[in-house]
Amino acid sequence: MRRTPTTPTELLSRARGLAGLTLAELAGELSVSVPANLRRDKGWVGRLLEDALGADASTAQAPDFAELGIELKTLPVDATGKPRESTFVTCVELAHPDEIRWETSHVRQKLARVLFIPVLSETSMSPGERLVGQPLLWQPTPAEEALLQADWEGHMRTIRQGYAHAITARDGRVLQIRPKGARASSRVWGLGPSGDLELIQPRAYYLRAGFTAQIIARSFALST
DNA sequence: TCTTGATCATTC
DNA sequence: GAATGATCAAGA
């Protein structure tokens, strides 16, 4: 673990210094072994970059860089720079939806400031061959936040009515909700239609790949 | 080909 | 069990 950056500028500067490295090179510097594939190490890339940048020890309900209020997200992209996957945001709080407002929601907090690090990750590339890209320190524009809030409010409306189990990944223009658990049979307490708590499948918020693609594209437009 | 729903490892 | 980090893999 490297020393934690004390300013956003230092963090960004350090992240820029990693651009162009292969993950194998980065892992070598950190004395971390490289898995042959990510099937059993799905969080390996994210943890590697956290380690390289000196993210705080994983503490619940706090950004990766707690003092800076910055969340770190790696973003697998193809050769054209488009995200290959959606981006995990946070778990959905299903039990007491009436007590949650957008202004203080976990989603808004998590996405307040995000350091996106694209990683060139064609499926044909082994984990070690993948390349760290130029980082992007993002804060939602008013328009982006409006999109996020609108989706979030829609999801919350459904959840408050006790129909969280009926939400599918097709709901939400930029912010979707998908199952998230150890297995499909995982269950957590959530509000049911009767107003009582019942056991339902745990879920999480994800940013659609199209949304993160726009974020990347906008930063590219600004930097050229 | 793209997305959705499912799954994996680790920590506390 | 819940939250962290995500990608896999089957079906549309």
Side-chain angles (χ1 to χ4, degrees), chain A residues 1 15 23 26-27 30 32-66 70-80 82-96 100 105-107 109-111 114-130 132-133 151 155 164-190 197-214:
Chain A
M1 173 72 76
L23 297 188
L26 192 53
L30 298 170
V32 170
S33 61
V34 182
N37 63 70
L38 299 182
R39 187 177 179 198
R40 292 189 171 280
D41 295 273
K42 297 184 177 181
W44 182 77
V45 180
R47 285 191 298 273
L48 183 68
L49 270 298
E50 281 184 351
D51 196 0
L53 293 172
D56 303 1
S58 56
T59 47
Q61 304 304 333
D64 295 303
F65 299 92
I70 295 175
E71 182 75 14
L72 175 65
K73 294 288 181 195
T74 57
L75 196 58
V77 299
D78 65 19
T80 70
K82 290 204 168 188
R84 295 188 51 244
E85 293 284 351
S86 53
T87 301
F88 170 77
V89 180
T90 189
C91 294
V92 181
E93 306 152 273
L94 297 162
H96 302 289
I100 304 169
S105 67
H106 290 166
V107 172
Q109 290 173 19
K110 290 275 184 182
L111 299 180
V114 180
L115 182 67
F116 283 108
I117 300 188
V119 176
L120 178 57
S121 308
E122 290 286 349
T123 46
S124 60
M125 301 168 75
S126 70
E129 293 173 329
R130 300 184 177 190
V132 180
D151 282 345
H155 293 315
H165 59 276
I167 297 175
T168 80
R170 296 170 188 79
D171 300 319
R173 302 230 304 165
V174 300
L175 184 70
Q176 63 180 175
I177 286 181
R178 304 221 303 276
K180 168 75 171 179
R183 56 191 69 79
S185 58
S186 296
R187 289 296 180 271
V188 69
W189 290 106
L197 293 180
E198 59 184 48
L199 288 168
I200 60 179
Q201 192 176 19
R203 288 156 189 281
Y205 290 102
Y206 291 80
L207 299 178
R208 290 186 181 279
F211 184 62
T212 49
Q214 286 182 23

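Below, chain A is the first sequence line, B the second, and so on; all start at residue 1.
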A.B. asks: For A/Gln201, answer base if it contacts any base atom (sugar-phosphate contacts may also be present), sugar-phosphate if it contacts only those atoms, and nothing otherwise; contact means non-hydrogen atoms under 4.0 Å.
C.D. replies: sugar-phosphate
A.B. asks: Write down the distance between CG (A/Asp51) and P (B/dT10), rounded to a whole number of angstrom.
C.D. replies: 15 Å
A.B. asks: Taking all non-hydrogen atoms of both residues into account, name the closest pair between A/His165 and A/Arg203 and its distance.
C.D. replies: O-NH2, 3.3 Å
A.B. asks: Tell me: CD of A/Gln176 to C1' of B/dT3, nearest whole Å?
C.D. replies: 8 Å
A.B. asks: Give the rounded distance in Å between these two atoms: NE2 of A/His106 and P of C/dA2.
C.D. replies: 15 Å
A.B. asks: Distance-only check: which donor-acceptor pairs under 3.5 Å involve side-chain atoms of residues 176-189 of chain A, not counting sequence neighbours?
C.D. replies:
unit_1	atom_1	unit_2	atom_2	d
A/Gln176	OE1	A/Arg178	NH1	2.6
A/Gln176	NE2	A/Ala169	O	2.9
A/Arg178	NH1	A/Ser86	OG	2.9
A/Arg178	NH2	A/Ser86	OG	3.4
A/Ser186	OG	A/Ala182	N	3.4
A/Ser186	OG	A/Arg183	N	3.2
A/Ser186	OG	A/Arg183	O	3.0
A/Arg187	NH1	A/Ala184	O	3.1

A.B. asks: Nearest 0.5 Å, please: how far is CG in A/Leu175 from CG in A/Leu207?
C.D. replies: 6.5 Å
A.B. asks: Over how many whole Å does the gap from A/Asp56 atom CG to C/dT4 atom C1' extend?
C.D. replies: 14 Å
A.B. asks: OG1 of A/Thr74 to CG of A/Leu115: how many Å apart, nearest 0.5 Å?
C.D. replies: 10.5 Å
A.B. asks: If you pin A/Arg40 and A/Ala209 to their nearest nucleotides in DNA chain B, which one's is more 5'?
C.D. replies: A/Ala209
A.B. asks: Classify every nucleotide of nucleotides 5-12 of chain C by which part a protein heavy atom approaches to under 4.0 Å, writing B for the base, S for the sugar-phosphate alone and - for neither, in 5'-to-3' order.
C.D. replies: BBBBS---
A.B. asks: Could you check whether A/Thr168 gets within reach of a base, just the sugar-phosphate, or nothing at all, counting any heavy atom under 4.0 Å?
C.D. replies: sugar-phosphate
A.B. asks: To the nearest angstrom, how far is A/Arg203 atom CZ from B/dG5 atom C1'?
C.D. replies: 9 Å
A.B. asks: Rounding to a whole Å, what distance do you find between A/Leu48:CG and B/dA9:P?
C.D. replies: 18 Å
A.B. asks: How are the rings of A/Tyr205 and A/His155 set to each other: parallel, tilted or perpendicular (split at 30° and 60°)?
C.D. replies: tilted
A.B. asks: Starting at CZ of A/Phe65, measure out to CG of A/Leu53 and round the result to the nearest 0.5 Å.
C.D. replies: 5.0 Å
